Participant: 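What follows is a single structure, and I will ask about it in a moment.
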Amino acid sequence: MRRRRTLAACGAFVGTAVAGAVSRPTDSTELVAKARDSSDESGLETNTETLLPETVHETTLYEIDAPRDGPTAMIFGGVHGDEYNGIDIAHEVVDWAPDAGTLVVVPETDRVAVENDEREGVDGDLNRQFPAEEGPTSDLAAGIWDAIERHDPDVVLDLHRSLGLYGVHQQYVGQALFYSPGADGASIAATLNDEAVPWYLPMHRFVAHESHLAGPLLFHETARELDTASYLFETTSFLLDRETRNEMTRIATAAVLDRHGLLEEGR
């Protein structure tokens, strides 16, 4: 009953307001423009790598090397195959232009789930296959982990979408940024609220939540084993359309790269 009352109370107001959010241009923030436009694009080098080749899980990893030394960031979309914002934006990020360091992107992490338009692939939920003090529990998880260890990232961002709002709808975690201890989740969430959430969507403001790292999620494992600054981004399908979710995901991704030194200051 509580969930039904919440939906009824805010549905008419927010449903009308969403059309305005959708109309925002995708270059609406300086962060996104900075991520797309390198100060020295001539020095960029892009390579691709096939993960789990000749298996049902075969998928592509992209590596974009900037002209200047800097940190390595890994971005994952499609860990859940029906969460399109992460898939869409990870594919976009392949064409972004970092100014420093290395940007590594896997747009369709669980390719079977993506192709079947389902949350889970043949081995179940990929984001539950990295338990603490155990090895990855499927061939796909092991192949993804092998790539992570080889690229040895300083920063990891895993892009997701929930069905409801964190703290409002039971069991749902939308509009939240989960982060590892020592990472910069609070300031990134503040940037999202400033840049991505219109004033007329107050229920959709992002919450930053520091994780205890005991769980079986991919971002837990990267923080535990590699001491990365790790983030799990969740937007929501509750009263937001696909392009609005994409815009929020786009800004979150640019904010993480900017905060961790892959984008040049002051452009």
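Both backbone and side-chain heavy atoms feed into the values below; hydrogens, waters and symmetry mates do not. What you are looking at is a predicted structure, and each value in this text was computed from that prediction instead of being measured.
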Participant: Decide yes or no for Pro107 and Tyr62: does some side-chain heavy atom of the first lie under 4.5 Å from some side-chain heavy atom of the second?
Facilitator: yes
Participant: Quick check: is Leu51 connected to Leu218 through a chain of hydrophobic side chains (ILVMFWY, heavy atoms under 4.5 Å apart)?
Facilitator: yes
Participant: Among Thr235, Ile251, Asp88, which residue satisfies the side-chain contact (heavy atoms from CB on, under 4.5 Å) criterion with Asn246?
Facilitator: Asp88
Participant: If you measure from the Lys or Arg side-chain nitrogens to the Asp or Glu carboxylate oxygens, is any gap between Asp146 and Arg150 under 4.0 Å?
Facilitator: yes
Participant: Would you check, one step at a time, whether the test side chain to side chain contact (heavy atoms under 4.5 Å, CB included) holds for Ile64 with Glu45?
Facilitator: CA-CA 6 Å; Ile64 304 100; Glu45 182 179 341; over 6 Å; no
Participant: Does some side-chain heavy atom of Arg128 sit less than 4.5 Å from a side-chain heavy atom of Glu120?
Facilitator: no
Participant: For the backbone of Arg205 and the side chain of Gln175, can you confirm whether one donor and one acceptor N or O come within less than 3.5 Å of each other?
Facilitator: no
Participant: Give a yes or no on whether Asp227 atom CG has more than 12 heavy-atom contacts from other residues, nucleotides or ligands under 6.0 Å away.
Facilitator: no
Participant: Looking at His80 and Asp82, would you say the former's side chain and the latter's main chain have a donor-acceptor pair under 3.5 Å?
Facilitator: no
Participant: Taking the inter-plane angle between the rings of His209 and Phe178 on a 0 to 90° scale, is it parallel (under 30°), tilted (30 to 60°) or perpendicular (over 60°)?
Facilitator: perpendicular
Participant: Does some side-chain heavy atom of Pro153 sit less than 4.5 Å from a side-chain heavy atom of Leu226?
Facilitator: yes
Participant: Quick one: are Met74 and Leu61 in side-chain contact, heavy atoms under 4.5 Å?
Facilitator: yes
Participant: Thr228 side chain to Thr222 main-chain N or O, any donor-acceptor pair under 3.5 Å?
Facilitator: yes
Participant: Between the side chain of Ser138 and the main-chain N/O of Ala141, is any donor-acceptor distance below 3.5 Å?
Facilitator: yes
Participant: Do Tyr231 and His260 pair up side chain to side chain, a donor and an acceptor below 3.5 Å, judged on atom types alone?
Facilitator: yes
Participant: Do Val94 and Leu103 have side chains that get closer than 4.5 Å, going by heavy atoms?
Facilitator: no
Participant: Checking side-chain hydrogen bond (donor to acceptor under 3.5 Å, both in side chains) against Arg119, which of Asp110, Asp125, Asn127 comes through?
Facilitator: Asp125
Participant: Keeping the roles fixed (side chain from Thr253, backbone from Thr249), state whether a donor-acceptor pair exists under 3.5 Å.
Facilitator: yes
Participant: Same cluster or not: are Val93 and Val106 linked, directly or through other Ile, Leu, Val, Met, Phe, Trp or Tyr residues, by side-chain heavy atoms under 4.5 angstrom apart?
Facilitator: no
Participant: So, for Phe238 and His169, is the gap between ring centers shorter than 6.0 Å?
Facilitator: yes
Participant: So, are Arg250 and Glu92 salt-bridged, with charged N and O less than 4.0 Å apart?
Facilitator: yes
Participant: Ignoring hydrogens and geometry, is there a side-chain-to-backbone donor-acceptor pair from Thr109 to Gly78 under 3.5 Å?
Facilitator: no
Participant: Heavy-atom distance under 4.5 Å between the side chains of Asn85 and Arg242, does that happen here?
Facilitator: no
Participant: Can a donor-acceptor pair be found between the side chains of His220 and Ser211 at a distance below 3.5 Å?
Facilitator: yes
Participant: Any non-hydrogen side-chain atom of Gln129 less than 4.5 Å from a side-chain atom of Pro216?
Facilitator: no
Participant: Would you say the side chains of Arg259 and Ser187 form a donor-acceptor pair under 3.5 Å?
Facilitator: yes
Participant: Is there a salt bridge (charged side-chain N to carboxylate O under 4.0 Å, His left out) between Asp258 and Lys34 once you walk through the steps?
Facilitator: CA-CA 9 Å; Asp258 185 61; Lys34 191 192 311 188; 2.8 Å; yes
Participant: Does a side-chain heavy-atom distance below 4.5 Å link Asn47 with Asp65?
Facilitator: yes
Participant: Within the side chain of Glu225, is there an N or O that forms a donor-acceptor pair under 3.5 Å with the backbone of Glu221?
Facilitator: no
Participant: Between Arg224 and Leu213, is there a donor-acceptor pair closer than 3.5 Å when you use the side chain of the first and the backbone of the second?
Facilitator: yes
Participant: So does Val173 get a backbone contact from the side chain of Ser162, meaning a donor-acceptor N/O pair under 3.5 Å?
Facilitator: yes
Participant: Determine, stepwise, if the pair Thr191 / Leu31 fulfils side chain to side chain contact (heavy atoms under 4.5 Å, CB included).
Facilitator: CA-CA 10 Å; Thr191 297; Leu31 276 174; 3.6 Å; yes
Participant: Would you say the side-chain atoms of Asn193 pair up with the backbone N or O of Phe206, donor to acceptor, closer than 3.5 Å?
Facilitator: yes
